Amino acid sequence: MTLRLLYDEIRLGLKQLCDTLGYPQTEFDVSEASRPEFGDVSCNVGFLLAKALRKKPFDIAQTLALEYKKNLGTYVSEVSAHASGYLNFVANYPLLVPHVIHSSLDSNYGTVDLGKNSKMVIEHTSVNPNKALHVGHVRNIIIGDTIARILHKASYDTSVLNYVDDSGLQVADIIVGFKYGGYSDKAPEGQKFDHYCGDVVYVKITERYETDKQLVELRSHVLKELEEGTSELAKFGDEITRRVLEEQLKTCWRLGVTYDCLNFESQIVRSKLWSVAFEKMKSMGITTLEQEGKNSGCWVIKAESEDDKVLVRSNGTATYIAKDIPYAAWKLGILEDPFYYKHYTVQKTGRVLWQTTLDSRDTKMHFTGDRVITVIDSRQSRLQKIITQIMSDFKSKPDSYVHLGYESVTLSPETAKTLDLDTGGKSVQMSGRKGIYVSADYVLDVLSERTFNEAKKRNPELDEISLVKISEQVAIGALRYSMIKQDLDKIITFDLTESLSLEGDTGPYIQYAHARAMRILEKAAKSPNFETNFDGINTVYEKDLTKAIAKFDLQVEDAAKNLSPKIIAKYCYQLAVSFNTFYEHVKVLTADSESTINARLCLVYSFKETLAKALQLLGIDAPDRM
RNA sequence: GGGCCUGUAGCUCAGCUUGGAUAGAGUGCUGGACUUCUAAUCCAGUGGUCAAGGGAUCGAAGCCCUUCGGGCCCGCCA
């Protein structure tokens with residue numbers, strides 16, 4: 001039982017009433033009341049019928065309320081018409097509470113069947129393997145991971161991919177640095193290899209391009225060899241990118257993110273998948289050979305009200321987008337799969353991470369899907385729009401390829417100053433090439449240290465290992481929550497000092513509610529007995545908490561339908577607020593009767609279970625103490 | 001020049017898809033609550049011509065149009 005049943009019951013009851021009364025059919029809304037004094041559920045049917053019936057909304061609501069009262073159904077205890085015209089309902093709590101609490105004990109509580117087990121591919125992360133992850137990448141990773149978790153909860157059969165662009169310009173840059181720039185391919189003691197490549201080699205070699213044109217020429221040469229993949233240099237490149245990737249993945253795993261498969265761009269290039277896609281595009285008339293004008297001799301894609309996009313240059317070589325098209329088509333299972341797969345590693349959760357290969361001795365697997373979600377920041381919208389269009393042509397179905405875009409993360413002027421950058425009071429775009437960024441590892445380390453000190457102060461009796469574990473959980477909770485609570489199309493201005501704030505609408509606030517609930521359950525003389533009628537539960541605080549618990553599946557459905565992770569973030573926060581309010585106003589262990597203590601323990605348990613499940617969708621651990 | 005996003009309280013943001021009740025949070029500031037299930041908490045106060053103008057509607061923060069401010073993108077680079 002969740003609030004959904006209450007809503008459905010009211011919706012159906014009203015529909016039947018309207019039929020009986022001869023009212024025209026309307027798509028009225030049954031939803032949560034906007035204020036507690038209006039009851040639990042509200043309906044706007046009065047407004048919608050006002051015109052057709054030539055009556056005031058209040059009069060219609062009044063009539064409906066009177067009729068509805070004759071048969072209240074199971075979960076409604078009161079109906080009333082409000083002067084404004086709304087029809088308001090109060091839930092039948094003596095029935096609602098036990099149903100909600102019992103339902104929440106199910107390990108699948110909150111699961112909805114939107115996906116019907118259909119295959120869904122989610123691609124995220126996809127960071128060039130030449131540097132360490134910065135907080136901008138973290139937004140991508142956390143959005144992607146959270147969406148994957150939500151869609152899984154919504155009964156999609158999900159595969160999570162990380163696209164490794166190991167044959168691009170950025171990789172060529174660091175290879176130039178190692179081979180011709182005099183940089184050692186070993187990181188100095190104490191520095192992660194990905195940080196060394198990004199902080200030192202990549203930034204320095206980019207600076208040197210300014211004055212040393214010979215290096216720029218060498219880069220083109222390196223890039224070509226990387227794409228061909230046969231030379232010693234290409235092998236060296238492969239070695240380097242894999243070492244960087246390994247370090248990047250450590251950061252992802254630390255954030256609680258796991259994948260199903262690593263797809264290497266170099267293999268897509270070498271697999272000849274491109275020529276298959278190209279032929280298909282030619283035969284479908286998606287691309288045409290330009291005969292005149294500035295793009296004469298190029299194969300181009302015509303875009304509506306925008307400039308044509310060159311696909312194949314007049315010298316016959318393919319452009320950047322030519323790598324993305326076959327890959328997108330592969331993800332949708334449109335082209336025959338040229339890849340074989342082998343274990344990369346087994347991740348901490350036990351989930352196997354596979355990687356693509358071109359070696360026929362390896363295994364055949366299926367990581368493609370009926371629908372694909374690609375998480376890339378919205379600066380790539382233009383390109384992604386073209387790919388979306390081509391995929392819907394290929395698949396003859398719109399919406400099978402979705403570009404999930406999001407605005408970027410910028411650095412606040414104060415944080416930029418810590419990088420010796422005076423931005424004149426403006427926030428600044430991060431840039432790996434220019435060395436303007438705050439790395440994910442650094443933020444996590446600083447956060448972890450901060451939460452460690454806090455946890456130690458509060459729990460002086462806990463041992464070092466437990467404290468480290470708690471501080472890491474809280475640090476990750478704080479970072480993940482800050483990346484997800486905001487809408488995707490809002491720029492996040494990252495400020496190092498502000499990121500250390502752990503109060504109010506933050507991950508730690510939510511985690512703290514869980515820890516508090518755990519302590520009550522721990523300190524209780526006995527474990528909750530659910531074979532009871534829950535009569536002790538009757539304050540507004542308890543009813544409010546119950547309602548919040550009962551909303552879980554509705555929120556999952558909303559988040560999955562709209563690909564909106566923040567809905568779950570808001571939900572977790574709302575749950576925590578309801579609990580903290582309850583906690584301050586209602587005593588559990590010192591309640592007047594045994595049966596009330598037990599009923600409240602059941603509610604606390606129900607809350608704790610639900611919050612932990614909801615937090616899991618955000619990839620945030622629910623600590624027992626903090 | 002064209003395209004995408006954005007503008008709501010001092011600051012950071014919900015609400016806008018699907019119009020409806022007194023526009024909500026957090027933070028900041030002011031004050032209050034720990035011999036009590038952990039104060040990473042709670043309670044109260046403070047704070048808003050919802051960028052501006054126009055339109056359709058019984059009704060607009062929300063829909064349509066215009067203007068203005070801010071950000072991003074538009075290479076035979078990747």
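Residue numbering restarts at 1 for every chain, and letters A, B, ... go by the order of the sequence lines. The shown structure was predicted, so the numbers you read here are calculated from the model rather than taken from an experiment.
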Self-check item: Contact under 4.0 Å: R516(A) side-chain N or O vs A39(B) OP1/OP2
Solution: yes

Quiz prompt | For atom CG of D307(A) and atom P of G3(B), their distance in whole Å | solution = 12 Å

Quiz item: How close or far is atom P of C77(B) from atom CG of D165(A), stated in whole angstroms?
Solution: 17 Å

Quiz prompt | Y209(A) six-ring centre to R219(A) NZ/CZ under 6.0 Å and within 45° of normal | solution = yes

Quiz item: Counting only distance, no hydrogens or angles, is the base of A14(B) paired donor-acceptor with the side chain of D505(A) under 3.5 Å?
Solution: no

Quiz item: Can you tell me how far P of C74(B) sits from CD1 of I321(A), to the nearest Å?
Solution: 12 Å

Quiz item: Between I484(A) (CD1) and C13(B) (C1'), how many Å, whole number?
Solution: 15 Å

Practice problem: Assign the ring pair Y573(A) / Y509(A) to parallel, tilted or perpendicular, where the plane angle (0 to 90°) is split at 30° and 60°. | Solution: tilted

Quiz prompt | Cation-pi, Y327(A) ring and K323(A) (6.0 angstrom, 45 degrees) | solution = no

Quiz prompt | Counterpart base for A78(B), defined by Watson-Crick or G-U wobble contacts under 3.5 Å | solution = none

Quiz item: Separation of I620(A) atom CD1 from A40(B) atom P, in whole Å?
Solution: 19 Å

Quiz prompt | I492(A) CD1 to G70(B) P, straight-line distance once rounded to whole Å | solution = 23 Å

Practice problem: Assign K523(A) to base, sugar-phosphate, or nothing according to its heavy-atom contacts below 4.0 angstrom with the strands shown. | Solution: sugar-phosphate

Quiz item: Over how many whole Å does the gap from Y571(A) atom OH to A14(B) atom C1' extend?
Solution: 18 Å

Quiz item: Do the side chain of S42(A) and the base of A21(B) come within less than 3.5 angstrom through a donor-acceptor pair of N or O atoms?
Solution: yes

Self-check item: ring-ring contact (aromatic ring centres under 6.0 Å, His included) partners of residues 485-506 of chain A, not counting sequence neighbours, each pair once
Solution: none

Quiz item: On a plain distance test, is the side chain of S378(A) in donor-acceptor contact with the base of C72(B) below 3.5 Å?
Solution: no

